[in-house]
Amino acid sequence: MSSPARVLVAALHRAVVGYNVAGMDVQEDNIAEQAPGSVGIVRPRTVTLFAPPDVLHLECGRTLGPIEVTYETYGELNAERSNAVLVFHALTGDAHMAGRHSPDDRKCGWWDMMVGPGKGLDTSKYFCICANILGGCRGTTGPSSINPETGKPWGLDFPVITVEDMVKVQKALIDHLGITQLLGVIGGSMGGMLVLEWIVRYPETVRAAIMVATTPRLNAQSIAFDAVGRNAILADPNFKWGQYHGGLPPESGLSIARMVGHITYLSEQGMHEKFGRQLRKAERYSYDFTNEFSVETYLDYQGRAFVERFDANSYLYITKAMDYYDLAARQGSLEAAMRPVRADCLVISLSGDWLFPPKASRQIVDALLANDKAVSYSELNSPHGHDAFLLEPQVLGRLIGGFLANAAGQPVLAGTVNQEPYQQPAAVQTAWARQRIDHERMTDLIEPGSRVLDLGCGRGVLLSRLMRHKGVHGCGVEVEQEAICECVERGLSVVDLDVEAELSSFASGSFDYVVLSQTLQTLHRPDVVLKEMVRIGRYGIVSFPNFVHWKPIVQMLLSGRTPVTENLPFWWYNTPNVRCLTIRDFEAFCRENHLRIRRRLPLIEGRREPIRFLPSIRAAEAIFVISRR
């Protein structure tokens, strides 16, 4: 171990000596305990797979078998065996995902908030499976298991394993259960890596894939944190090169590893709000090296609780497997690696996650989009850091539940409501009370079966209409969380991207039509967006209010105030509109930027047919179809 690593490990070791956790508030460690709708009492099961001679061929070149796999199931498998959902746990998780093993259990499973009747993973609809991964210490074969050749625990004689090996074992379990195609695979954090591996290794066996707070490979910083944790374990005098079973385990080293890891699961904002610089049991500094700050005793509790349920060798093996995983390296690029994917994908990142930040999820999304795969993406706004995927049941439940329901052919929302193009309430109550004329005319303009990208798609009303009436293949771009959830619940593909800065994710010519409905006037860089529209699509279709329509002009002249109308339904101080363009302004822009105007539809409120006489002042709104020259 290097000198800097020894210094850090020694410092952390000193930090855990003499901790007093009496009176520690441990409510956070059992967040799901009081969640309603529990699956009740569950029983783990164990099956033996890869019995010789059918052993598992590991990526490291060695073989392993037999392998015991412990798993739990929730809900019932239907007669068609088509409602199975496989969930992969994170680094320190296990098969106990929901419910309790006995009425006396203090804790529920690690995702009890998400699994059960009426929850995101609705066990009245789906047959959910969760298995302890290969190399774990909660029933599945790992380094604490007995080596059949020696009759003793494997320790460090256990072969080095990879994420690929873990997925092979999970696939064998699904085969054992007689399931040929999964409705979905889901995983958060390291579990998301297993989802990635599954959809490229076994693309025909799954219809929907959900990845939460994950990455296609660890960056140098994440590998460094793993290395510190492993070095803490290896430096513990009780480690004894992995053969500590029957004696004192390396509790200090494992506790430090957990403390270091747990810091990466939290956000700076979350730690500040929960702890700040608060002293635990005093109002003044003691001027010694005892643990005075609340955050210190919290980390101490996390470390001590962890050693009671986890094996140090498993920590070494699993973190190393995460470090090794690099999906892009196998094919030269992530885009090439994603080509086999057939599943519809949902990728969720967490705004406060600095361990697996949103940009890591964006790499997955970009690679899927580059391959023309069906993908939805949402960046969940949460202060809880990486652990938010265990702490945000409302939004996650809607996204996961809506996505699975659509994969099962039963989208949560099927109708069209909420036609407003803006998120805030309008000052004019009758605004958009009638059918959106621009939606009707855009529907007329788009050819059946086309590929349509809707920028600023809102709640997906236009895309839903186009899918119903024209059979289009659509995708929306939206940033508002509630609107994204509703799109997913409608069964629409939607990606959480900034239309003014992130449209480069879409390949040139990847859509037939790119739509911008009543959004142009809200943009700070409309010129950039319009040019991107005609790059991405063969045609761009744009609708916007005409700001020199005679009615608001007369209203302004008579009242002396900024007009408020059905097409401009906001007060001056809360309007989302930042551009006041006219029909002639848009025509001039197209001429100056070499954009070809293919159709021009100036419209009056409530009328479908375009007007021809004095459209510049008589039209309340306009629709343009544009393309490159």
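- With hydrogens and angles ignored, the 3.5 Å screen pairs a side-chain donor or acceptor of Thr519 with a backbone N or O of Ser517.
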Assess whether side chain to side chain donor-acceptor pair (under 3.5 Å) is satisfied between Glu379 and Gln481, documenting all intermediate values.
CA-CA 8 Å; Glu379 180 180 326; Gln481 184 69 73; over 6 Å; no
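- Applying the 6.0 Å contact sphere to NE2 of His469 captures more than 12 heavy atoms from other residues, nucleotides or ligands.
- Using a 4.5 Å heavy-atom threshold, the side chains of Asn371 and Glu335 count as touching.
- At least one side-chain heavy atom of Val534 sits under 4.5 Å from a side-chain heavy atom of Leu595.
- Rounding to the nearest 0.5 angstrom, the gap separating the CD1 atom in Ile210 from the CG atom in Leu121 is 7.0 Å.
- Within 6.0 Å of CD in Gln410 there are 12 or fewer heavy atoms belonging to other residues, nucleotides or ligands.
- Tyr377 pairs in a side-chain hydrogen bond (donor to acceptor under 3.5 Å, both in side chains) with only one of the listed residues (Ser361, Ser493, Ser349), which is Ser349.
- Put simply, CZ on Phe506 and CZ on Arg535 are 9.5 Å apart, with the number rounded to the nearest 0.5 Å.
- Nearest heavy-atom pair across Gln521 and Phe547 is CB-CE1, 4.0 Å.
- Ring planes of Phe586 and Phe544: tilted class, angle from 30 to 60°.
- Across every non-hydrogen atom of Leu391 and Met113, the tightest pair is N-CE, 3.5 Å.
- Taking a 6.0 Å sphere around CZ of Arg629, one finds it holds more than 12 heavy atoms contributed by other residues, nucleotides or ligands.
- Using a 4.5 Å heavy-atom cutoff, the side chains of Val479 and Leu497 are not in contact.
- Applying the 6.0 Å contact sphere to CG of Asp527 captures more than 12 heavy atoms from other residues, nucleotides or ligands.
- For Arg584, the CZ atom is loosely surrounded, since the number of other residues' heavy atoms within 6.0 Å does not exceed 12.
- One distance of note links CG of Leu516 with CE of Met442; it measures 7.5 Å at 0.5 Å rounding.
- Enclosure of atom CZ in Arg217 is not indicated, since only 12 or fewer non-hydrogen atoms of other residues, nucleotides or ligands lie within 6.0 angstrom.
- The shortest distance between side-chain heavy atoms of Arg618 and His549 does not fall below 4.5 Å.
- Between Trp110 and Phe88, the distance from one ring center to the other does not fall under 6.0 angstrom.
- For CZ of Arg596, the number of neighbouring non-hydrogen atoms (other residues, nucleotides, ligands) closer than 6.0 Å is 12 at most.
- Pairing each heavy atom of Phe403 with each of Ala209, the nearest pair is CE2-O, 3.9 Å.
- Within the 4.5 Å cutoff, the side chain of Ile484 has no heavy atoms near those of the Val495 side chain.
- Using a 4.5 Å cut-off on side-chain heavy atoms (C-beta onward), Val185 and Leu182 make contact.
- Heavy-atom minimum distance, Gln555 versus Pro563: OE1-CA, 3.1 Å.
- Between Trp111 and Phe389, the two ring planes are perpendicular [angle over 60°; tilted spans 30° to 60°].
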Let's go through His473 and Ser450 carefully: what are the C-alpha distance in whole Å and the side-chain angles of both, what is the deciding distance for side chain to side chain donor-acceptor pair (under 3.5 Å) to 0.1 Å, and is it a yes or a no?
CA-CA 6 Å; His473 304 279; Ser450 299; over 6 Å; no
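- With rounding to the nearest 0.5 angstrom, the NE2 atom of His439 is 9.0 Å from the CG atom of Leu463.
- To the nearest 0.5 Å, atom CG of residue Leu266 and atom CZ of residue Phe275 are 7.0 Å apart.
- Across all non-hydrogen atoms, the minimal contact from Gln363 to Pro216 is OE1-CG, 3.7 Å.
- Contact between Ile364 and Thr214 at its shortest, heavy atoms only, is CD1-CG2, 3.9 Å.
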With side chain to side chain donor-acceptor pair (under 3.5 Å) as the test, would you mind laying out the steps for Arg579 and Thr522 before giving the verdict?
CA-CA 6 Å; Arg579 303 292 178 190; Thr522 70; over 6 Å; no
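- With contacts defined as side-chain heavy-atom distances shorter than 4.5 Å, the pair Val472/Pro448 does not qualify.
- Distance check, rounded to the nearest 0.5 Å: CZ of Arg339 to CG of Leu334 gives 11.0 Å.
- Of the candidates Glu482, Glu392, Glu486, Arg398 forms a salt bridge (Lys or Arg N to Asp or Glu O under 4.0 Å) with just one, namely Glu482.
- Partners of Tyr126 by ring-ring contact (aromatic ring centres under 6.0 Å, His included), not counting sequence neighbours: none found.
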